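What follows is one structure encoded as structure tokens, with my remarks underneath.
The shown structure was predicted, so the numbers you read here are calculated from the model rather than taken from an experiment. Values below: all heavy atoms of this structure, side chains included; hydrogens, waters and symmetry mates excluded. Atoms within each ligand, like the ligands themselves, are counted from 1 in listed order.
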Amino acid sequence: MNELNYKNKKLHFSKIDIESLAKKHKTPFFLYSEEILSNNYLQFAVGAESAGLIDPLICFAMKSNPNKDLVKILAKLGSGADIVSGGELKRALEAGIPPEKIVFSGVGKTEEEIVYALKLKGHLNSFNVESLEELELINATAKKLKKSARVCFRLNPVVKPKTHKFISTGNKTHKFGLLEQDILQSMGQNKYWSHTRLVGMSVHIGSQLLDLNATKRALVRLCEVALKIQAPLEFLDVGGGLGVDYHPDETHKLPRIDNYMQIIAMTFEKHFYSKSKLRPRVVFEPGRRIVAKAGIFVMKVLRNKISENNTFVIVDGGMNDFMRPSLYGAYHALIPVKEAKAEKECHVVGPICETSDCFGSNRMLPALKTGDLLILKDTGAYGYSMGSNYNLRGRPLELLVEKKQKLKVINKAQDYSDLT
Ligand code: LLP
């Protein structure tokens, strides 16, 4: 599906004319598409079913985009949630996701958050435990509350995926997950298990993965350790991490959903199901693959600044609104809203007082003038959720194109009165 295309030389997103929209709403703003979001989720879910995976549960990684309206759309389609804070837990519940479809990840769960989760009416699918110290706290907290907690070990499989080092999580030097020996050593010790029950095992080795070799190795390790612990596991959780093609050069590398599901099905069959009587279901924690392509960021050109042979196109969106280029040097396509020949090399920069506040260097674009619109593509994941008020700028508006091209404000822009 082509989510972006020109009609009468004007850029449309999910069939909405961006220029007319920007006349009604102050830029910059995020614009999302319900159709793309739903299709991405359904493609993932159908892929898992078609590969014959056992009773798949898709837990949307809320950190990628916790907007309530978007999470509600996914909840209605059957999605669960992968959460990492009490805030995300509250949001998931408000969006209609029941506790039994929620996995609680993260290395720094606080006692307050554990209490909040344990006091819910239903049980979480699991606390995905990242250290023995955490497991001991969950056990002690459950004991105090006279409850029992469902827990899952997040295995650190000691693999190195090909991705940016800031979002690689599967190796010994990373703070995430437990090493095999620590998992095995905990078994049978009362201080961990008097008020907890081990119901699953998980891995998550990193994000924006386009090469699945490390993923395969991690899944094999997951099966090996899951067999060794000899617990009646209800699920195996494969984490998230599936990448998207931000750059056209990445399109040919993009793992297809059906291939990804096949890899999981074959690995689990060979390394787990064929060796065990257990039939644990498969849990997923995708974020980016579901929501990245469902959003764009619309900005207006404030002015051009020419310094010898450098042309800076200064836009009204900044790194506080969308951090990925400044934080990871990530590429996102910049597309003019009025169709014209790309004839000028320029740097598209924001108003923030940091040199890294740059959405693209040496990009070929049409000559752009004050008031012209430009979009940054594929900003649905890790966009608004990583934004801030840096430079005391208000957070931008979020808009949704609902089914039948109806528009809805799903988060208002902050104005000066909100900046207290
Ligand atoms: N599960 C766990 C335990 C995670 O830590 C993450 C992401 C996910 C699932 C979802 O991963 P995804 O399917 O979205 O790749 N801010 C970075 C990405 C950080 C990812 C953190 N963890 C970025 O903008 O690239």
Side-chain angles (χ1 to χ4, degrees), residues 37 40-41 44 48 57-66 70-71 74 79-85 88 92 102-109 125-131 134 152-157 161-171 174-178 200-212 214-215 218 222 236-247 250 254-255 257 260 264 283-295 297 319 321-332 359 376 378-388:
L37 181 69
N40 289 347
Y41 177 84
F44 205 94
L57 172 63
I58 298 166
C59 295
F60 173 62
M62 300 255 310
K63 62 175 83 66
S64 63
N65 196 323
L70 301 187
V71 181
L74 296 173
S79 182
D82 162 42
I83 59 154
V84 289
S85 68
E88 287 188 357
I102 296 178
V103 298
F104 194 167
S105 306
V107 297
K109 299 174 192 78
N125 178 73
S126 55
F127 288 89
N128 286 8
V129 167
E130 307 242 15
S131 65
E134 178 194 331
C152 156
F153 272 130
R154 174 170 173 182
L155 172 72
N156 182 323
K162 280 190 197 153
T163 187
H164 192 283
K165 66 173 181 173
F166 288 0
I167 53 176
S168 180
T169 57
N171 212 335
H174 303 136
K175 65 182 174 181
F176 300 98
L178 281 139
M201 286 277 301
S202 74
V203 276
H204 173 78
I205 60 169
S207 198
Q208 182 51 14
L209 307 177
L210 296 174
D211 175 325
L212 297 183
T215 303
L222 179 72
L236 293 173
D237 175 343
V238 301
L242 209 52
V244 299
D245 51 343
Y246 287 115
H247 193 280
E250 290 171 333
L254 189 71
I257 298 288
Y260 174 64
I264 297 168
V283 175
F284 296 88
E285 304 169 1
R288 191 190 313 268
R289 189 67 178 235
I290 306 290
V291 73
K293 299 247 157 193
F297 185 54
M319 65 186 270
D321 303 308
F322 192 74
M323 259 189 113
R324 299 196 74 257
S326 54
L327 191 58
Y328 313 115
Y331 175 93
H332 284 258
F359 289 126
L376 192 64
D378 307 329
T379 54
Y382 306 106
Y384 194 95
S385 64
M386 289 176 71
S388 75

| Parallel, tilted or perpendicular: rings of Phe284 and Tyr260 (30°, 60°) | tilted
Only heavy atoms of [X], strictly under 4.0 Å: list the atoms of ligand 1 that pass.
{"X": "Gly287", "answer": "12 (P), 13 (O), 14 (O)"}
{"X": "Gly240", "answer": "9 (C), 13 (O)"}
{"X": "Pro286", "answer": "13 (O)"}

Tell me the protein heavy atom at minimum distance from [atom], and give that distance in Å.
{"atom": "atom 13 (O) of ligand 1", "value": "Gly241 N, 2.8 Å"}
{"atom": "atom 19 (C) of ligand 1", "value": "Ile167 CG2, 3.7 Å"}
{"atom": "atom 20 (C) of ligand 1", "value": "Tyr382 OH, 3.6 Å"}

Heavy atoms only, cut-off 4.0 Å: how does [X] contact ligand 1, side chain, backbone, both, or neither?
{"X": "Tyr328", "result": "side chain"}
{"X": "Lys63", "result": "side chain"}
{"X": "Leu327", "result": "neither"}
{"X": "His204", "result": "side chain"}
{"X": "Met386", "result": "side chain"}
{"X": "Ser207", "result": "both"}
{"X": "Arg154", "result": "side chain"}

| message | Does Lys109 qualify as a cation-pi partner of Phe127, given the criterion of NZ or CZ under 6.0 Å from the six-membered ring centre and within 45 degrees of its axis? | response | no
| field | Point-to-point distance, once rounded to the nearest 0.5 Å, from NE2 of His174 to CD of Glu130 | value | 13.0 Å
| request: Quick one: pull up OG1 in Thr379 and CE in Met386 and give me the separation to the nearest 0.5 Å. | output: 13.0 Å
| said: I need the minimum non-hydrogen distance between Ala381 and Arg324, along with the two atoms involved. | reply: O-CD, 4.0 Å
| field | Heavy-atom closest contact (Phe104 atom, Ser85 atom, distance) | value | CE2-N, 3.7 Å
| query | Any chance the side chains of Ser207 and Arg288 put a donor and an acceptor closer than 3.5 Å? | reply | yes
| Just distances here: any N/O of Arg324 and N/O of ligand 1 closer than 3.5 Å? | yes
| task | Answer yes or no: does an N/O atom from Gly206 fall short of 3.5 Å to an N/O atom of ligand 1? | result | no
| query | Under 4.0 Å between a Lys/Arg side-chain N and an Asp/Glu carboxylate O for Asp82 and Lys63? | reply | yes
| task | Taking the six-membered ring for Trp and the full ring for Phe, Tyr or His, determine whether the centres of Phe166 and His164 are under 6.0 Å apart. | result | yes
| Between His332 and Phe322, ring centroids under 6.0 Å | yes
| Closest candidate by heavy atom, reference atom 25 (O) of ligand 1, pool Glu285, Met323, Arg288 | Arg288
